[in-house]
Amino acid sequence: MAQKNNDEQFKNVISHAKEYGFVFQSSEIYDGLSAVYDYGQLGAELKNNIKTYWWKAMVQMHENIVGIDSAIFMHPKVWKASGHVDGFNDPMIDNKDSKKRYRADQLLENKIDELYSELANFSAENKAGFETFQQEILGLSDEGQAAWIPGFKDEETILDNAKYPFVDEASWRFVRKGLALEVEMNLALKSENLAQLKDLIVNYKVICPISKTSNWTDVRQFNLMFSTQFGAMAEGSDEVYLRPETAQGIFVNFLNVQKSGRMKIPFGIAQIGKAFRNEVIARQFIMRMREFEQMEMQFFVRPGEDKKWFEYWKEARLKWHKALGTNPEKYRYHDHVKLAHYANAATDIEFEFPFGFKEVEGIHSRTDFDLKQHQEFSGKKMQYFDNDLNEDGKPYGNYIPYVIETSIGLDRMFLLTMINAFEEQDLSTEDKQDSRTLLRLHPALAPYKVAIFPLTKKDGLPEKAREIMDELKFDFNCIYEEKDAIGKRYRRQDAVGTPFCITVDHQSLEDQTVTIRHRDSMEQERIAIADLAGVIGKATSWKALLA
Ligand code: GAP
């Protein structure tokens, strides 16, 4: 039932986004382009406000972080150095009956989730015991896991009942299979053993959700980068890529920014920009797109201080999310047990979307991997000279800095914001059925800050309303509306998240006051026109969010 409600709520958010000009399918009149979306008149405003919130928090509130705007096209060697040409692949498999293509790892992850769902039948104590055990196993080295798997799969007795009481649970055989599959899948993915991935799909009886058969092709690697042709390049190759992440534009400009900005470690470089990935499985609206935007920051630190800064950014970024007033229970960290080869720590900030907890932002401790790679591939030194003194009173000297990255998807943040703000309220009384749809956006993010309505279209009220708007529009995004009854105009503004509506009536002409209506409480009060800017300014100020 809860699932159905969640699905329904998600569908309602999607149709609301279209109806009110937030998000449209790209090229809709040509039946759309899959996993590509356009932001409409209000979506563009909301998106800009989210960008501003991020930029202010990251760049303007930190003296040691600067922002850049690097090009989407980069030298093809950048992607060789970063590992994207050779390693930015998804393992794909086709079902021969339905002709549908899937990511092999996602099919397996769904199977693992299905098997782990049996944990719901465990006692709370045994569930916790299993989870500790699971972390122990997943924390083993690859060799340790590979050695552990055969006994675990074949002999239930390998587990000591006294040490692991959960093996007595009736659902244990499913959960056990889930853990075995998780380990086997991780090992196969790490070693890029595609035949093994296929074997797991077959052996664990994974079926296609459409055809319900297990008639699978082999698993093949599919590179996610889009390529296109450029003018002739020195090396004779004219293939360039649309960047799959904005981060590399920061790494290749590390020296330029450090030198021109006289930046001292620790310092950060931030940017917001488009990224492109040829996602094979594109789904859940703007959650997984082929063209999307990232807001990334690379923080360059002294080797050895990376763990400390990783913890700092982990906490700082969650605080940024929660400041928007989102229910804190909707957020959680997902610390990576298995790390990418270049990382020594990584966590995701996950949000509970209607379709479950999913990653919105990644915080990665990337060591000196990227700068080292660029040093090797470009032949240019990527070093920093640190003249601060170490414990022995000597300068730290030359080194390649370590990097902590914070990387958030702007479109995912947009979706989160819409989902979190969307509310359908029943306002019925004994005498009358009534309801409203509300976007309870933080006022600083709201596309319009204030709507200005003349009560009627005559008696000089429109002129007075326009006069107020002409004064406020320099500081606030305003909308003027004179069509329809006031109640209907209020409802329309509630639906797009406008925090204030101002009504100009005959009394306004006499005493220079208006009624101001508050979106969330629907309360109205009479205030002097001269006080409007102060009231609206206070509620919509970035200071409230950033202080
Ligand atoms: N530079 C690191 C990096 O790109 P990532 O985890 O691949 O890391 C970071 O991406 C963030 O970008 C994700 O947390 C997500 O919010 C967003 N993102 C990634 N792929 C996306 C896609 N196809 N559509 C929308 N957002 C995406």
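Basis for what follows: all heavy atoms, side chains included, without hydrogens, waters or symmetry-related copies. All ligand and atom numbering here is 1-based and tracks the order in the structure. Only a predicted model underlies this, so the values are computations on that prediction, with no experimental measurement involved.
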Novice: Quick check on the 6.0 Å ring-centre criterion: do F292 and F276 meet it?
Specialist: no
Novice: May I ask you to check if ligand 1 and F292 share an N or O to N or O distance below 3.5 Å?
Specialist: no
Novice: Could you identify the single nearest non-hydrogen protein atom to atom 20 (N) of ligand 1 and state the distance to 0.1 Å?
Specialist: R277 NH1, 3.3 Å
Novice: Show the atoms of ligand 1 that are less than 4.0 angstrom away from any heavy atom in E405.
Specialist: 1 (N), 2 (C)
Novice: Can you list the atoms of ligand 1 that are under 4.0 Å from a heavy atom of E296?
Specialist: 1 (N), 2 (C), 3 (C), 4 (O)
Novice: Aromatic rings F355 and F353: how do their planes relate, parallel, tilted or perpendicular, breaks at 30° and 60°?
Specialist: parallel
Novice: Is it the case that atom CD in E63 sees more than 12 heavy atoms from other parts of the structure closer than 6.0 Å?
Specialist: no
Novice: Run the ring-ring contact (aromatic ring centres under 6.0 Å, His included) check on F300 and Y402 step by step: do they pass?
Specialist: CA-CA 6 Å; F300 300 92; Y402 270 43; over 10 Å; no
Novice: Verify the neighbour count for atom CG of D388: are there more than 12 heavy atoms of other residues, nucleotides or ligands below 6.0 Å?
Specialist: yes
Novice: So is E245 polar-close to ligand 1, meaning N/O to N/O under 3.5 Å?
Specialist: yes
Novice: Does V360 approach ligand 1 within less than 4.0 angstrom via side chain, backbone, both or neither, non-hydrogen atoms only?
Specialist: backbone
Novice: Please work out whether the ring planes of Y53 and W320 are parallel, tilted or perpendicular, with thresholds of 30° and 60°.
Specialist: parallel
Novice: When you look for heavy atoms under 4.0 Å from ligand 1, do you find them on the side chain of M287, its backbone, both, or neither?
Specialist: backbone
Novice: Using a 6.0 Å cut-off, check whether atom NZ of K51 has over 12 heavy atoms from anything other than its own residue.
Specialist: yes
Novice: What residue and heavy atom of the protein are closest to atom 9 (C) of ligand 1, and at what distance?
Specialist: S407 OG, 3.0 Å
Novice: At under 4.0 Å between heavy atoms, which part of E361 makes contact with ligand 1: side chain, backbone, both or neither?
Specialist: backbone
Novice: Among all protein non-hydrogen atoms, which one is nearest to atom 10 (O) of ligand 1, and what is the separation to 0.1 Å?
Specialist: Q294 NE2, 3.4 Å
Novice: Any idea which protein heavy atom is nearest atom 13 (C) of ligand 1, and the distance to it?
Specialist: E359 OE2, 3.3 Å
Novice: Please report which non-hydrogen protein atom sits nearest to atom 24 (N) of ligand 1, along with the residue it belongs to and the distance in Å to one decimal place.
Specialist: M289 N, 2.8 Å
Novice: Under 3.5 Å, N or O to N or O, is I408 touching ligand 1 that way?
Specialist: no
Novice: Report yes or no: is the cationic atom of R332 (NZ for Lys, CZ for Arg) under 6.0 Å from the centre of the six-membered ring of F357, at an angle within 45° of the ring normal?
Specialist: yes
Novice: Looking at E296, H84, H374, which hits side chain to side chain donor-acceptor pair (under 3.5 Å) with Q248?
Specialist: H374
Novice: Does any N or O atom in G409 lie less than 3.5 angstrom from one in ligand 1, N or O only?
Specialist: yes
Novice: So is E279 polar-close to ligand 1, meaning N/O to N/O under 3.5 Å?
Specialist: yes
Novice: Can you tell me if K372 has over 12 outside heavy atoms packed within less than 6.0 Å of its NZ?
Specialist: no
